[in-house]
Every structure is written in structure tokens, then in C-alpha cells.
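What follows is a single structure, written as C-alpha cells, with notes after it.
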Amino acid sequence: NFISDHRPLGIRLYFNACTDPEACNYNPDATVDDGSCNYGNICSDGSYACECGGAPGWEFNLSDYTVNSGVTAIVYINGDVQDGSDDILAAFDDAGNVRGTSFALDVGFGPYEGTVVHEISLRSNDEGDHMTFKFYDASEDAVLDISEGYTFAINDIVGSMVAPHD
């Protein structure tokens with residue numbers, strides 16, 4: 001038999017990680033907070049959560065609106081082109097009603113070849129409606145407010161595949 005006469009030397013181990021139990025990446029074994037705590041994302045329903053659960057349910061009834069216009073745009077967030085094929089650009093009126101959702105197109109020709117643009121048909125009943133935009137970033141599972149707005153003009157066409165609005 002092996003008998004040991006070792007006694008503790010008072011060595012303390014430190015483990016750096018997130019120590020806030022409210023954070024998404026809380027680590028109960030951490031002894032030192034390293035500033036890495038993550039508190040989640042703003043989800044499509046406006047809530048704040050670690051995992052949002054997928055694309056927002058931005059839907060509307062086409063028959064509620066009588067006229068349209070179109071926008072083809074490149075979306076930039078903090079100066080970076082958003083190029084996810086599952087990303088969505090959506091338009092909203094001042095009451096928060098969805099007025100259009102985009103589909104992402106990968107431009108295959110011209111000066112923007114290889115760039116993802118968002119083509120969105122905007123719907124309204126009246127000239128002059130003010131619209132705002134939100135962007136769903138599928139890679140981050142997050143909804144972001146877009147600072148630029150639009151004043152609805154019947155049959156207006158803003159941007160194209162060869163000259164997208166940016």
C-alpha cells in the first residue's frame with residue numbers, strides 16, 4: 001500500500017469566465033469575471049433572449065393594400081454589407097404594420113456581381129405613407145432597426161440589380 005503524507009499548500013486556482021448568473025454564458029465554475037458575459041439578442045418580437053428561435057413572422061395580407069412600389073437595396077450594418085441569403089429586410093408603417101418583406105438575391109452580373117441585394121415590394125393605400133425598416137440577420141438570429149425611412153410613392157422604383165439603393 002502507498003501512504004501519502006501530503007498536506008495542502010494553500011494553492012488557489014483561478015478560472016476566468018463569465019460570473020453573472022443572469023448572462024447567457026454564465027459559468028458557475030468561474031472564480032474571476034473576465035468581461036465576456038453575453039446577455040443575448042433583441043428578438044423579432046422585441047423580447048431579449050439568449051436564443052430567439054428563428055426568423056420573425058413578418059406577414060401581411062396583400063389584399064389589404066391597393067398600390068405598390070419597389071426597392072432593390074444593399075443593406076449595410078456598421079459599414080459591412082449584409083450578404084446572408086436567409087436575411088430579411090422588412091418595411092413597417094408608423095403603426096407597426098408590415099408593408100413588405102424582401103427576398104435576398106445574389107447578383108450574378110454587372111458592377112455588383114457577387115453582392116446580395118434585397119428586393120422588396122412595398123404596399124400601401126395612399127401616397128405619402130411613412131415607412132421604416134427592420135433587418136433580420138439570420139447569422140446572428142437578431143432583428144436590427146434600420147435608420148433610413150421611406151415616404152411611399154405609388155409605382156415608385158428605387159434601385160435595381162445593376163444600381164441598387166445603398
Side-chain angles (χ1 to χ4, degrees), residues 18 20-26 35-166:
C18 177
D20 184 351
E22 298 297 316
C24 298
N25 61 332
Y26 167 66
S36 69
C37 294
N38 175 338
Y39 296 93
N41 299 306
I42 298 173
C43 300
S44 59
D45 64 359
S47 66
Y48 203 59
C50 296
E51 297 293 327
C52 292
W58 291 329
E59 296 179 4
F60 65 103
N61 187 345
L62 288 173
S63 64
D64 289 345
Y65 305 103
T66 57
V67 291
N68 68 324
S69 63
V71 174
T72 302
I74 297 174
V75 176
Y76 294 91
I77 304 293
N78 298 323
D80 295 324
V81 173
Q82 301 303 296
D83 59 2
S85 61
D86 293 326
D87 295 344
I88 304 168
L89 179 65
F92 298 85
D93 62 21
D94 289 337
N97 300 307
V98 177
R99 293 297 191 94
T101 58
S102 74
F103 52 93
L105 299 169
D106 187 2
V107 179
F109 59 91
Y112 291 92
E113 183 174 358
T115 303
V116 171
V117 298
H118 292 269
E119 191 168 277
I120 182 170
S121 182
L122 306 174
R123 305 294 180 165
S124 183
N125 291 320
D126 297 306
E127 182 100 11
D129 280 350
H130 179 257
M131 296 185 188
T132 58
F133 296 91
K134 293 184 182 205
F135 182 75
Y136 173 68
D137 182 343
S139 68
E140 297 292 325
D141 192 26
V143 174
L144 307 166
D145 289 322
I146 302 294
S147 59
E148 189 171 346
Y150 172 76
T151 301
F152 188 84
I154 296 171
N155 295 325
D156 193 17
I157 297 175
V158 179
S160 69
M161 295 276 284
V162 294
H165 178 69
D166 63 1

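Please read all numbers here as calculations on a predicted model, not as lab measurements.
In this structure a side-chain-to-backbone donor-acceptor pair under 3.5 Å is present from Q82 to D80. Side chain of D145 to backbone of K134: no donor-acceptor contact under 3.5 angstrom is found.
For the atom pair CG (L122) and CG (N68), the distance works out to 8.5 Å, reported to the nearest 0.5 Å.
Within 6.0 Å of CD1 on I154 lie more than 12 heavy atoms contributed by other residues, nucleotides or ligands.
The minimum heavy-atom distance linking Y65 with N125 is given by the pair CA-OD1, 3.1 Å. Between F60 and G100, the shortest heavy-atom contact is CE2-CA, 3.6 Å. The two residues V117 and I74 have their closest heavy-atom pair at CG1-CG1, 3.9 Å. In this structure, I88 and A55 approach most closely via the heavy-atom pair CD1-CB, 4.2 Å. Pairing each heavy atom of G84 with each of V116, the nearest pair is O-CG1, 4.2 Å. I146 and I77 get closest at one heavy-atom pair: CD1-CD1, 3.9 Å.
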Passes ring pair (Phe, Tyr, Trp, His ring centres under 6.0 Å), H118 versus F135? Steps please.
CA-CA 10 Å; H118 292 269; F135 182 75; 5.5 Å; yes
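Side-chain polar atoms of D126 and S124 form no donor-acceptor pair below 3.5 angstrom. Y150 and D156 share a donor-acceptor pair across their side chains, judged by distance under 3.5 Å alone.
Using a 4.0 Å cut-off between charged side-chain N and carboxylate O, D64 and R123 make no salt bridge.
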